[in-house]
Each structure stands twice: as structure tokens, then as C-alpha cells.
Amino acid sequence: MSFVSAAGNIEHVNIGRIAVNDQSTNSQQKAGKLALKQVFIKLSGNIDVVNENEISKAIDNYEQFLIASSFIQQGQNLVFEASFNQAKVQSLLVASGRNVWASLRPSAVIWLAIENSENQKNIVYRSSFNDMAQNIDSKAFARGVEVVIPLGDLNDAMNVSVYDVWNQFISKLQDQSVRYNTDYLISATVEQISESLATEKIPRDATHKLDYVITSADFRRPKSVETGRVFGRSEEAVVIELVDIYANVLAEQFTLNTQSETGSQSIRAAISGIDSLADYVNMLALIKSVPSVKNIKLIKQKNDIALVEIDQKTSIAQLKSILLLDKRLSLDTTFQQAEISFRWQGE
């Protein structure tokens, strides 16, 4: 079995979801503000962005950004869901000097092992830790990232043991992560705080600790390795914070600095493999989805190679790294008449 979970457009970056107790006007007003706050965080990659004065005022008047809203049922929870004008949110972020995060984002598989009070260790699989999986899903939605939780079927059970996760044998986890087709791999362990940690600076109310590694899911594509430890008042608290940490790692790498000293510039890009009108339309839509891109136009088309001019404001290296998150594009070094060149793989 294979899974199509690699980097792609996160289609809910302009949607906020907030759990509510009822469908009253008061609940809707409160939830509307929180939903827009969620969207500002998604589109900036920064949880502190909502403290900006102009953005805080906008959140108080969330209706001016609102496109549609409804109440939906998610399991046992009643949820207020609201869609907002993405362009208006991004424009306010730019006007406030904040970074903007394109909807094209990597995905990650999370291998998580938890030790309970009886010293038993278990891997968090979607099939056996449904409540934990739902909490991870909800937090990932709120931050605008995709986190895949392993199924825990026979394939996983035969190839990964709890001690592979507990001891963070990354190469073993990378081998099994191939089936989930993600860009990143998160390995983490959760346990109760013991007396052996007495020398560490631990928050007074913390009861659990989580150790994590964030790296590439593909050993053939080395990326920097992020490691760390967090403390919290419960298993759920430290796991939720881990999702925040992962989102922050991505945001640091892929958000666009709207106040960058890099001025607007026109660059030429060559894209081979454009064999149809559908390929051409989809390729343009992909490039236009990057917030720093202001305009794109076709210079010429020869055989299956489209030469386009892109007016944008970011470094060529960052633009390239963002576009390559989409699996339909790969580097193509055979074309020498443009600053960057790609091969279009199609749908």
C-alpha cells in the first residue's frame, strides 16, 4: 500500500475551526474571532502575529474578512467553521511587515512512543490511539500543516518495533516511512518526569517530558536535524506542543519575508514537460500560488518547453525551494537560458 501524502497545497489555510458549546449568536461571535486568529497564524506561520495592533483590531471585526460560516459536527464536538478572504488576510500581514506562508507546504509522518505509569511503552497508531490522533489532527489543522499518523496495520507492526521508536533508530523509521510518502519524519518519546531529571530546569506544574527528532523522511535527501525536549502537564500537552514546534521549523524555512531588502525582480524560468493546455494552466497556477509572485507571463513555447518571466520579490533560492515542494516539479539542468529550470511531471 502506498499513500499520496507528500508536500502539496494545504487547502484549508483560510479556514478556521473552533469548538463551541452551542449555536447562539454569542458563541458565534467569539468563535468567529478565534477562527480568524487561527487563519492569521496559519498564513504567517507565527503564533505571536495576533498581538500586532492592526491585526488584533482586524480580528475584533472578523466579519469584514468572512466569506462563509457554518456549524459542523466532528465526532462528539460541535464546531464553528469559517472561511475567510485569504488575499485580504495576506495583504494585512504584508502591511504589518509580517511574513507570509504559501499554502504549498511539506508533510510529515510522526512516530511517537508513549510510556505509561506502569512503564509500558506503546507506539501511537491511528488504529489504537484514536483520541490522541484526533488531537494531533486538530492541532495540525490549526497550524496549517499535514501530519500523518501511522496506521498500525500488519505492515507497520512487522517492520517497526516500539523500541525502534523509543530509541529513535531514525534509519529504521525512514525505511518504514517510505510507504507514507512524506517529506519529513518526526520521532518522539513521551514519559513521566522522573527523579533522574532533578538537575534540569523543569516547570513547576510539569508532569511529562517529550524528546523529539525532526529530520528528512528520505535518507537520500539529507536535511538539517532538529532535536529538543519539551515539558508539559500531560501526554496530550507535550504532543500538541510538538506539532507547534514542527510548524515553527517549517515556517522558519519557507515563509516569505515581505520586508526583505530583496527588491522586486523579474526572473526567467524554463519548464519542460508542458505537453498540453492543462499542463500549462496548472503550472501557472502553481507558480502564482507563491505569495511573492506578482505576475507571470509566457515568453515563448518551443516543443514541450515553456519559457516564462516571473515578477516576484524573494531570493531565487527560496522561490526554487518552495516550488520544489510540489512533486509535479523537479530540477532540470539541461536548459541554460533561464535562471531556474524545472521538469513538469504532470498530474
Side-chain angles (χ1 to χ4, degrees), residues 2-11 13 43 45 99-109 144-148 174 177-178 180-186 214-226 246-257 260 262 265-275 278-296 304-347:
S2 62
F3 300 81
V4 182
S5 300
N9 272 303
I10 302 295
E11 297 181 354
V13 291
L43 288 171
N99 289 6
V100 176
W101 195 0
S103 58
L104 192 62
R105 303 179 184 186
S107 59
V109 59
V145 296
E146 182 181 4
V147 176
V148 177
Q174 285 174 322
S177 297
V178 171
Y180 293 106
N181 193 29
T182 61
D183 302 278
Y184 284 84
L185 181 155
I186 304 172
I214 301 173
T215 188
S216 172
D218 187 346
F219 66 89
R220 295 166 299 182
R221 300 187 316 174
K223 291 187 177 76
S224 60
V225 177
E226 298 278 342
Y246 170 64
N248 292 341
V249 168
L250 295 188
E252 184 175 352
Q253 182 175 357
F254 294 109
T255 55
L256 298 164
N257 182 359
S260 170
T262 302
Q265 57 179 325
S266 294
I267 62 172
R268 291 196 171 190
I271 302 96
S272 60
I274 305 298
D275 295 317
D279 285 339
Y280 176 69
V281 171
N282 290 331
M283 176 270 293
L284 289 184
L286 169 61
I287 296 176
K288 287 180 179 178
S289 71
V290 181
S292 65
V293 173
K294 304 305 179 186
N295 189 38
I296 178 173
D304 71 336
I305 300 175
L307 182 64
V308 298
E309 185 173 83
I310 305 171
D311 293 330
Q312 58 94 44
K313 184 181 179 180
T314 189
S315 69
I316 294 177
Q318 187 174 38
L319 178 64
K320 184 190 297 185
S321 68
I322 291 172
L323 291 175
L324 286 174
L325 289 173
D326 194 297
K327 299 305 180 184
R328 292 173 296 179
L329 284 181
S330 59
L331 284 178
D332 184 351
T333 58
T334 60
F335 197 84
Q336 303 297 323
Q337 300 178 29
E339 285 90 341
I340 51 177
S341 57
F342 302 100
R343 176 76 186 174
W344 179 259
Q345 309 293 339
E347 297 297 335

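Hydrogens, waters and symmetry mates play no part in the numbers below; they use all other heavy atoms, side chains included.
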Open item on the list: Please find the pair of heavy atoms, one from Leu329 and one from Leu323, that lie closest to each other, and give the distance.
Closed with: CD1-O, 3.8 Å

Open item on the list: How long is the straight-line distance from CG of Leu185 back to OG of Ser107, given to the nearest 0.5 Å?
Closed with: 11.0 Å

TODO: Enter the distance from Ile310:CD1 to Ile267:CD1 here, rounded to the nearest 0.5 Å.
DONE: 5.0 Å

Open item on the list: Could you check whether any side-chain heavy atom of Gln318 comes within less than 4.5 Å of a side-chain heavy atom of Ile322, counting everything from C-beta outward?
Closed with: yes

Open item on the list: Between Leu286 and Arg328, is the side-chain contact (heavy atoms from CB on, under 4.5 Å) condition met? List the steps.
Closed with: CA-CA 10 Å; Leu286 169 61; Arg328 292 173 296 179; 4.2 Å; yes

- [ ] To the nearest 0.5 angstrom, please state how far the CD atom of Gln265 sits from the CD atom of Gln312.
- [x] 5.0 Å

TODO: In sequence, state the C-alpha distance, the side-chain angles, and the governing distance for Met283 and Val308, and then conclude on side-chain contact (heavy atoms from CB on, under 4.5 Å).
DONE: CA-CA 11 Å; Met283 176 270 293; Val308 298; 4.3 Å; yes

- [ ] Specify the closest pair of heavy atoms between Arg268 and Glu339, including all atoms of both residues, with the distance to one decimal.
- [x] N-OE1, 2.8 Å

Task: Set of salt bridge (Lys or Arg N to Asp or Glu O under 4.0 Å) partners for Asp304, sequence neighbours left out - done: Arg343

Task: Backbone N/O of Gly144 and side chain of Arg105: donor-acceptor pair under 3.5 Å - done: yes

Open item on the list: To the closest 0.5 Å, what do you measure between OG1 (Thr215) and CD1 (Ile186)?
Closed with: 11.0 Å

TODO: Please name the pair of heavy atoms, one in Ser289 and one in Ala102, separated by the smallest distance, quoted to 0.1 Å.
DONE: O-CB, 4.1 Å

- [ ] Give the minimum heavy-atom separation between Ala270 and Ala338, together with the two atoms involved.
- [x] N-CB, 3.7 Å

Task: Interatomic distance, Leu307 atom CG to Ile274 atom CD1 [nearest 0.5 angstrom] - done: 12.0 Å

Open item on the list: Ignoring hydrogens and geometry beyond distance, is a side-chain donor-acceptor pair present between Asn9 and Ser103 at under 3.5 Å?
Closed with: yes

- [ ] Determine, step by step, whether Asn282 and Trp344 satisfy the side-chain contact (heavy atoms from CB on, under 4.5 Å) criterion, reporting the C-alpha distance in whole Å, the side-chain angles of both residues, the deciding distance to 0.1 Å, and the verdict.
- [x] CA-CA 10 Å; Asn282 290 331; Trp344 179 259; 3.8 Å; yes

- [ ] Can you establish whether the number of heavy atoms outside Glu309 located under 6.0 Å from its atom CD is more than 12?
- [x] yes

Task: Trace of the side-chain contact (heavy atoms from CB on, under 4.5 Å) decision for Val148 with Asn181 - done: CA-CA 10 Å; Val148 177; Asn181 193 29; over 6 Å; no

Task: Side chain to side chain, Trp101 and Val145, heavy atoms closer than 4.5 Å - done: yes

Task: Passing option when Pro291 is tested against Asn99, Val100, Leu43, Thr255 for side-chain contact (heavy atoms from CB on, under 4.5 Å) - done: Val100

Open item on the list: Rounded at 0.5 Å granularity, tell me how far CG in Leu331 sits from CG in Leu324.
Closed with: 4.5 Å

Task: Check: Val290 and Leu104 side chains under 4.5 Å, non-hydrogen atoms - done: no

Open item on the list: I'd like to check Phe342 versus Lys320 (side-chain heavy atoms, cut-off strictly below 4.5 Å). Are they in contact?
Closed with: yes

